[in-house]
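Residue numbers count from 1 along this sequence. No experiment lies behind these values; they were computed from the predicted model shown.
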Amino acid sequence: TETLALGELLYAEYCERCHGGKVKTTGAHADLRYLSAERHTQFEAIVLDGLLKPLGMGSFKHVLSREETSAIQSYVIDVARAERARRLGR
């Protein structure tokens, strides 16, 4: 979908450097494929409001909108689901 394509593009531009290409971390930062349900409910606050700034995750509100952040989250969820299906042999 358009949303996933936008999310993938934005992820590559703003997230990949720390969280790894195609949402596969290099180990230095959180592996977004395995975010908890709680972290997903906080996703916008983390990305836009800097909720995890004390842990090194700054705010991206100066470059991302709420809609763009939602597209990134949709992409991350899609990749996580595909990875889970692959692991389960589906």
Side-chain angles (χ1 to χ4, degrees):
T1 70
E2 279 186 39
T3 300
L4 292 177
L6 176 62
E8 182 177 15
L9 180 71
L10 293 169
Y11 177 91
E13 185 165 346
Y14 297 106
C15 311
E16 188 174 285
R17 184 175 304 118
C18 294
H19 293 285
K22 304 291 183 188
V23 197
K24 291 185 173 88
T25 188
T26 60
H29 296 85
D31 190 326
L32 302 181
R33 295 172 297 167
Y34 304 107
L35 285 180
S36 67
E38 177 183 11
R39 285 294 190 228
H40 272 290
T41 64
Q42 299 169 334
F43 198 87
E44 186 176 302
I46 293 167
V47 175
L48 297 181
D49 301 331
L51 180 67
L52 297 181
K53 188 173 182 175
L55 300 176
M57 173 66 191
S59 168
F60 284 80
K61 68 181 173 187
H62 61 289
V63 293
L64 292 171
S65 69
R66 293 175 80 171
E67 293 77 18
E68 290 169 329
T69 301
S70 179
I72 292 169
Q73 185 177 22
S74 293
Y75 170 67
V76 168
I77 290 169
D78 188 65
V79 170
R81 285 182 179 154
E83 173 67 17
R84 189 175 314 113
R86 186 192 62 75
R87 283 195 330 265
L88 295 173
R90 295 182 189 165

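- The two residues S59 and G50 have their closest heavy-atom pair at CB-N, 3.8 Å.
- Across all their heavy atoms, C15 and I72 have their closest contact at SG-CG2, 4.1 Å.
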- [ ] Check the pair T69 / F60 against side chain to side chain contact (heavy atoms under 4.5 Å, CB included), numbers first and verdict last.
- [x] CA-CA 9 Å; T69 301; F60 284 80; over 6 Å; no
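- Residues passing the ring pair (Phe, Tyr, Trp, His ring centres under 6.0 Å) test with Y14: none are found, sequence neighbours excluded.
- Taken from OH in Y75 to CG in L9, the straight-line distance is 10.5 Å, to the nearest 0.5 Å.
- The minimum heavy-atom distance linking K61 with L48 is given by the pair CB-O, 3.2 Å.
- Taking OH of Y11 as the reference point, atom CD of Q73 lies at 13.5 Å (rounded to 0.5 Å).
- Residues L64 and V47 have side chains in contact (heavy-atom distance under 4.5 Å, counting atoms from C-beta outward).
- In this structure, the salt bridge (charged side-chain N to carboxylate O under 4.0 Å, His left out) partners of R66, at least two apart in sequence or on a different chain, are E44.
- By the criterion of side-chain heavy atoms lying less than 4.5 angstrom apart, applied directly or through intervening Ile, Leu, Val, Met, Phe, Trp or Tyr residues, I77 is not grouped with L10; the two fall into different hydrophobic clusters.
- Counting non-hydrogen atoms of other residues, nucleotides and ligands closer than 6.0 Å to CZ of R87 gives a total above 12.
- Applying the salt bridge (charged side-chain N to carboxylate O under 4.0 Å, His left out) test to K22 and every residue at least two apart in sequence or in another chain returns E8.
- The side-chain heavy atoms of L35 and F43, taken from C-beta on, include a pair separated by under 4.5 Å.
- Looking at every heavy atom in both residues, C18 comes nearest to H29 through O-ND1, 3.1 Å.
- When all heavy atoms of R33 and A80 are compared, the closest pair comes out as O-CB, 3.4 Å.
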TODO: Could you walk me through whether V63 and E13 pass the side chain to side chain contact (heavy atoms under 4.5 Å, CB included) test, one step at a time?
DONE: CA-CA 11 Å; V63 293; E13 185 165 346; over 6 Å; no
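- A heavy-atom distance below 4.5 Å is not found between the side chains of V76 and H19.
- T25 places none of its side-chain heavy atoms less than 4.5 Å from the side chain of L32.
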